[in-house]
Each structure stands twice: as structure tokens, then as C-alpha cells.
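The figures that follow rest on heavy atoms only: side chains count, while hydrogens, waters and symmetry mates do not.
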Amino acid sequence: MPVSLDSDPVEEMLKKTGCIELHYKVQECIAETGDWRSCQDRVKDFKQCMQKYIDQQSQKYSHIK
């Protein structure tokens, strides 16, 4: 899938992880509250999603040394 010139590389990467919606929820919470500390439940969900993706990728490529 080609990346358009105006696309955000971070968003493109997050789409591949399957965690983009959780990322948006963190951003929305921070925009609404103005304080990331009050969004820890959403941050935790996003972090867990990313860790799951990292673990899956590690397993996928574990045979490569």
C-alpha cells in the first residue's frame, strides 16, 4: 500500500499494529482534559495493544538470528 505524501508516518505504522483506534482515544482524552495523567486507563489499553503486537512480531521472527 503506497503512502501518500500528506500521510503521517506514525499513523501509517499504528494502522499496521491494529492499535490506531486506541491511539486516537488517548489523543482525544488528552485534548479533552489537557492532562495525560487523567487518561491513564486509555494509555494502559494502548500500551497493552502495542505490547501484544510486539510480542506477535517477536514470535513471527524468532527463528531469524
Side-chain angles (χ1 to χ4, degrees):
M1 178 175 173
V3 176
S4 67
L5 295 176
D6 61 338
S7 69
D8 181 343
V10 173
E11 283 195 4
E12 292 300 320
M13 183 271 302
L14 287 171
K15 285 178 186 175
K16 292 177 185 175
T17 68
C19 302
I20 190 87
E21 291 303 320
L22 294 171
H23 171 70
Y24 290 148
K25 287 182 180 183
V26 170
Q27 287 184 321
E28 289 170 7
C29 181
I30 293 170
E32 289 171 7
T33 65
D35 184 3
W36 67 272
R37 293 170 292 192
S38 62
C39 302
Q40 288 307 296
D41 56 336
R42 293 182 182 127
V43 171
K44 181 181 172 188
D45 291 343
F46 175 68
K47 183 178 177 180
Q48 287 175 338
C49 182
M50 288 301 296
Q51 189 60 55
K52 181 179 176 184
Y53 174 78
I54 291 166
D55 292 346
Q56 288 171 341
Q57 293 302 303
S58 294
Q59 283 185 327
K60 185 176 179 180
Y61 297 107
S62 66
H63 66 284
I64 300 173
K65 300 285 178 184

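- One finds the CD atom of Q51 at 10.5 Å from the CD atom of Q56 (value rounded to the nearest 0.5 Å).
- Clustering ILVMFWY residues whenever any of their side-chain heavy atoms sit less than 4.5 angstrom apart, transitively, puts L22 in a cluster other than the one holding Y53.
- Across H23, K52, M50, Q57, a single residue satisfies side chain to side chain contact (heavy atoms under 4.5 Å, CB included) together with T17, and that is M50.
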Give the intermediate values and the outcome of side chain to side chain donor-acceptor pair (under 3.5 Å) for residues D55 and Q59. CA-CA 6 Å; D55 292 346; Q59 283 185 327; over 6 Å; no
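- For the atom pair OG of S38 and CD of Q40, the computed distance is 8.5 Å after rounding to the nearest 0.5 Å.
- Here the straight-line distance linking atom SG of C39 with atom NZ of K25 works out to 13.0 Å at 0.5 Å rounding.
- A continuous path of ILVMFWY side-chain contacts below 4.5 Å connects V10 to V43, so both sit in one hydrophobic cluster.
- Contact check on K15 versus E12 returns a salt bridge, with a Lys/Arg side-chain nitrogen under 4.0 Å from an Asp/Glu carboxylate oxygen.
- Between C49 and G18, the shortest heavy-atom contact is SG-O, 4.0 Å.
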Let me see the working for W36 and R42 under side-chain contact (heavy atoms from CB on, under 4.5 Å), right down to the final yes or no. CA-CA 10 Å; W36 67 272; R42 293 182 182 127; over 6 Å; no
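- To the nearest 0.5 angstrom, I54 atom CD1 is 10.0 Å from K47 atom NZ.
- The structure places CZ of F46 at 14.0 Å from CG of D41, a figure rounded to the nearest 0.5 Å.
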